[in-house]
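Structure, as structure tokens:
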There are 4 protein chains.
Amino acid sequence: MRSEIESSGQKSRSFIEEARRAQIVASAIEVIAEVGFAQASLARIAAHADISKGVISYHFAGKEELMVEVVERTYGAIAEHVLTKMQGLQSATELLRTHVLSVAEHMRGHRTQLKALGEIFTNLRTADGKLRYGIKASEPTYLALEGIYRLGQESGEFRDFDVRVMAVTHSSAVDTMFAYWMAHPGHDLDAHARELADLLERACVT
Amino acid sequence: MRSEIESSGQKSRSFIEEARRAQIVASAIEVIAEVGFAQASLARIAAHADISKGVISYHFAGKEELMVEVVERTYGAIAEHVLTKMQGLQSATELLRTHVLSVAEHMRGHRTQLKALGEIFTNLRTADGKLRYGIKASEPTYLALEGIYRLGQESGEFRDFDVRVMAVTHSSAVDTMFAYWMAHPGHDLDAHARELADLLERACVT
Amino acid sequence: MRSEIESSGQKSRSFIEEARRAQIVASAIEVIAEVGFAQASLARIAAHADISKGVISYHFAGKEELMVEVVERTYGAIAEHVLTKMQGLQSATELLRTHVLSVAEHMRGHRTQLKALGEIFTNLRTADGKLRYGIKASEPTYLALEGIYRLGQESGEFRDFDVRVMAVTHSSAVDTMFAYWMAHPGHDLDAHARELADLLERACVT
Amino acid sequence: MRSEIESSGQKSRSFIEEARRAQIVASAIEVIAEVGFAQASLARIAAHADISKGVISYHFAGKEELMVEVVERTYGAIAEHVLTKMQGLQSATELLRTHVLSVAEHMRGHRTQLKALGEIFTNLRTADGKLRYGIKASEPTYLALEGIYRLGQESGEFRDFDVRVMAVTHSSAVDTMFAYWMAHPGHDLDAHARELADLLERACVT
DNA sequence: AATGAATGAGCATTCATTCAT
DNA sequence: AATGAATGAATGCTCATTCAT
């Protein structure tokens with residue numbers, strides 16, 4: 001999804017620098033996932049990583065930069081996984097099912113990361129007090145899903161419906177599947193994903 | 001939904017006391033909705049209500065008690081509205097559509113309250129660091145929705161599916177409808193609700 | 001010089017509030033005078049006053065507000081003293097001598113305050129990094145002194161010279177008299193003031 | 001003024017070492033002049049010189065040593081210029097005028113250096129919290145100026161007055177001429193210097 | 001000779017809570 | 001019933017200095 005080269009003006013980082021950043025990001029993810037965004041202070045993140053507070057300040061310009069990096073790494077990973085799975089598929093039905101199932105598949109191995117991602121999405125604010133990633137940050141996802149649904153309508157697979165509502169619902173259903181699974185660890189995530197895929201498919205077909 | 005009598009061990013409150021609590025709750029709702037949970041300090045809530053910070057501490061045992069009261073009042077109101085609308089309906093299809101439409105109806109007149117409610121749901125934590133209202137707080141809603149879907153299955157209106165997944169998806173779709181409308185004020189909430197009701201109905205019928 | 005009423009939008013303060021502010025200002029003056037502006041942290045000022053750090057934050061919006069209050073109180077006091085002494089005088093020579101002598105007189109009883117005032121003048125910066133009170137803050141003083149020198153030129157007491165250079169030199173000579181006396185406590189301040197008055201007068205008369 | 005040999009216990013430095021020190025000193029001067037002493041962190045000075053922070057620590061025992069070197073180089077330059085100009089002059093009047101005029105002349109080409117010098121003079125403190133260069137650091141200047149004024153008194157050019165007050169006033173007037181010019185870049189520095197020389201001369205002559 | 005990395009003390013500020021009045 | 005005052009812990013951040021490489 002996102003290559004180092006595309007990214008704006010990044011200085012090349014030394015191996016050690018990169019390792020430290022990765023370590024700090026990992027610690028941040030764990031702490032945020034465990035105690036929530038609001039309690040995830042730099043002090044706590046540093047203590048969890050067994051490093052001094054100053055190290056974080058040394059490697060990141062500020063808390064915001066660290067959080068943004070968490071988002072980029074985490075979100076990049078899921079997007080990469082899902083897009084790979086969807087590559088080459090033709091029918092809208094297949095695409096929609098694959099999206100749901102592959103996201104679930106990714107979730108199984110990345111609970112902590114996705115928990116942290118959600119925390120940051122709903123809490124990180126810019127200096128002017130507005131959410132850094134509000135629901136508007138989901139726009140790319142909505143557009144992608146709309147593409148799938150519109151494709152199905154054009155091919156005749158799907159009935160006529162509001163693709164925006166469908167996309168928003170689809171997206172939230174997937175997110176909530178994750179949240180529900182997090183809260184109920186014994187829950188069968190794959191079964192849930194299959195049920196959800198059925199549900200969405202049935203809602204669309206003529 | 002919630003009567004004074006049910007509530008645990010509440011001493012009866014004087015009229016003045018009740019008025020003050022209501023005033024403070026109202027101020028809290030407005031502040032939380034405007035600046036978000038994390039920035040909604042007691043100082044800010046007090047200033048918004050044009051009272052001294054101490055008043056809040058006097059009337060509420062702590063910030064948590066205030067937040068809980070916000071939730072109870074706000075959540076009680078929506079539940080009351082929706083249950084009234086659903087009363088007397090028989091078919092699962094009618095119940096499911098009415099749920100979606102009446103929630104949307106209520107949303108239109110209670111943006112601020114529901115915004116605050118959402119903020120508290122996703123942010124308020126108990127002393128031990130866990131979310132006070134996690135997704136588990138939705139259990140009563142899930143059970144109620146499951147009841148509707150199971151009813152539809154038993155009556156033959158609906159096909160066979162996992163009612164829990166359906167309920168979770170339904171619930172999250174409604175919540176996200178609200179969030180999307182908050183972020184896009186020009187969005188047609190009622191149309192969205194009708195589309196969503198169609199979508200859910202189609203997903204269920206045989 | 002500065003009455004409470006002139007000042008912009010000051011809420012009336014309670015007696016206790018005023019007393020605390022005065023105590024904190026006094027502590028700030030002592031600490032700044034002793035350790036210099038840069039080392040005069042709020043923590044140090046609070047400790048010196050034997051109060052908690054939070055008290056300062058409670059009574060002052062920030063460090064800057066405290067520093068500004070120190071300046072206003074200290075500068076107001078000296079201006080009041082000097083203006084009182086000069087009131088009613090007619091001749092430029094008398095005015096100029098009285099200015100020098102009365103400032104010195106005030107200095108003798110207000111060493112610490114004036115030391116602190118100087119520290120703040122040369123160190124306090126606004127958020128954008130510029131000196132809050134640079135040499136440009138001396139403009140009112142320069143204008144007042146220019147008035148005296150111009151008066152002398154118009155009355156024929158004084159020769160023709162650049163009144164701005166004269167005012168700047170006069171002002172700095174008075175300031176440095178203070179600094180020199182601070183560094184050499186045994187120095188005879190009054191004798192210095194008389195010599196300086198002579199010096200300035202001689203420089204002006206025809 | 002100051003030769004390498006006089007300086008206490010300096011090991012001879014390699015050419016590279018000397019070049020690096022000079023580069024760092026130059027960077028320090030520019031940063032201090034631009035942002036003020038308090039904001040002139042080693043990090044900032046290093047970044048301005050496009051070198052790593054560690055380089056400064058490598059070449060200087062600490063921040064203080066760097067600052068002292070800035071002072072010595074800067075102060076040495078002005079002293080050298082002024083002394084050269086005064087060399088050979090006989091009359092006290094000539095000496096006094098030449099001092100004022102040649103300092104002004106030097107100022108015109110060394111704004112940044114002198115700004116930095118002033119910042120360090122008024123801010124640099126030793127470990128025990130006292131100003132490293134207080135007004136007492138001006139003692140050599142005072143002594144030199146006293147020499148001129150005493151010469152004038154002995155030769156009969158000048159009236160009888162307190163040479164110390166005269167020297168202190170002279171010195172501060174020159175310093176403030178610089179500060180005023182820095183704050184008002186359009187100000188005519190040479191005219192100011194001539195006026196000041198006139199002023200001082202008139203204050204002295206019988 | 002040079003550096004990137006790390007440290008830990010110190011900074012101003014915010015905040016929920018306590019308490020005497 | 002209400003408040004202004006005070007507290008002290010916590011937060012993100014800066015900085016001079018140290019050190020292994």
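Letters go in sequence order (proteins before strands), and every chain restarts at 1.
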Please output the side-chain donor-acceptor pairs of residues 48-55 of chain C that fall under 3.5 Å, not counting sequence neighbours, one pair per line with the distance.
| residue | atom | partner | partner atom | Å |
| --- | --- | --- | --- | --- |
| C/His48 | NE2 | C/Glu30 | OE1 | 2.6 |
| C/Ser52 | OG | C/Gly54 | N | 3.0 |

Side chains of residues 33-44 of chain A: which donor-acceptor pairs under 3.5 Å do they make with residues two or more places apart or in other chains?
| residue | atom | partner | partner atom | Å |
| --- | --- | --- | --- | --- |
| A/Ser41 | OG | A/Arg44 | N | 3.1 |

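The backbone N or O of D/Gln23 lies less than 3.5 Å from no partner atom in the side chain of D/Ser27, so there is not a single donor-acceptor pair. Looking at D/Thr74, its side chain does come within 3.5 Å of a backbone N or O of D/Val70 through a donor-acceptor pair.
For the atom pair CD (A/Glu69) and CD1 (A/Ile120), the distance works out to 11.0 Å, reported to the nearest 0.5 Å. Put simply, CD1 on A/Ile29 and CE on A/Met67 are 10.0 Å apart, with the number rounded to the nearest 0.5 Å. Taken from OH in C/Tyr58 to CD1 in C/Ile24, the straight-line distance is 11.0 Å, to the nearest 0.5 Å. Between D/Tyr133 atom OH and D/Asn123 atom CG the span is 13.0 Å, to the nearest 0.5 Å. The CD atom of D/Glu72 sits 11.5 Å away from the CG atom of D/Leu117 when rounded to the nearest 0.5 Å. With rounding to the nearest 0.5 Å, the separation of CG in B/Leu114 from OH in B/Tyr75 is 11.0 Å.
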Return a single string for nucleotides 1-8 of chain F, one symbol per nucleotide in 5' to 3' order, where B is base contact, S is sugar-phosphate-only contact and - is none, cutoff 4.0 angstrom on heavy atoms. BBBBBBBB
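Residue A/Arg44 is the one, among A/Arg44 and D/Arg44, whose nearest nucleotide of DNA chain F lies closer to the 5' end (criterion: closest heavy atom).
Rounded to whole angstrom, the span from the CD1 atom of A/Ile45 across to the C1' atom of F/dC13 amounts to 14 Å. Protein atom CD of C/Glu64 is 14 Å distant from nucleotide atom C1' of E/dT13, rounded to whole Å. At whole-Å resolution of the value, CG in D/Leu42 and C1' in F/dT18 are 13 Å apart. Taking atom CD of B/Glu65 as the reference point, atom P of E/dT17 lies 11 Å away to the nearest angstrom.
Non-hydrogen atoms lying under 4.0 Å from DNA chain E are contributed by nothing in residues 117-134 of chain A. Listed by residue number, the members of residues 23-41 of chain C with any heavy atom below 4.0 angstrom from DNA chain E are C/Ser41.
Comparing E/dT14, E/dA16, F/dA16 against the side chain of D/Lys63 picks out F/dA16 as the nearest.
Ion pairing between a basic and an acidic side chain is recognised when a charged N comes within 4.0 Å of a carboxylate O; A/Arg132 and A/Glu64 show such pairing. Classification of D/Arg73 and D/Glu18 as a salt-bridged pair holds, one side-chain N sitting under 4.0 Å from a carboxylate O.
Within the 4.5 Å cutoff, the side chain of D/Leu66 has heavy atoms near those of the D/Val25 side chain.
For the strand DNA chain F, secondary-structure stems (runs of at least three Watson-Crick or G-U pairs, all distances below 3.5 Å) span E:2-21 with F:2-21.
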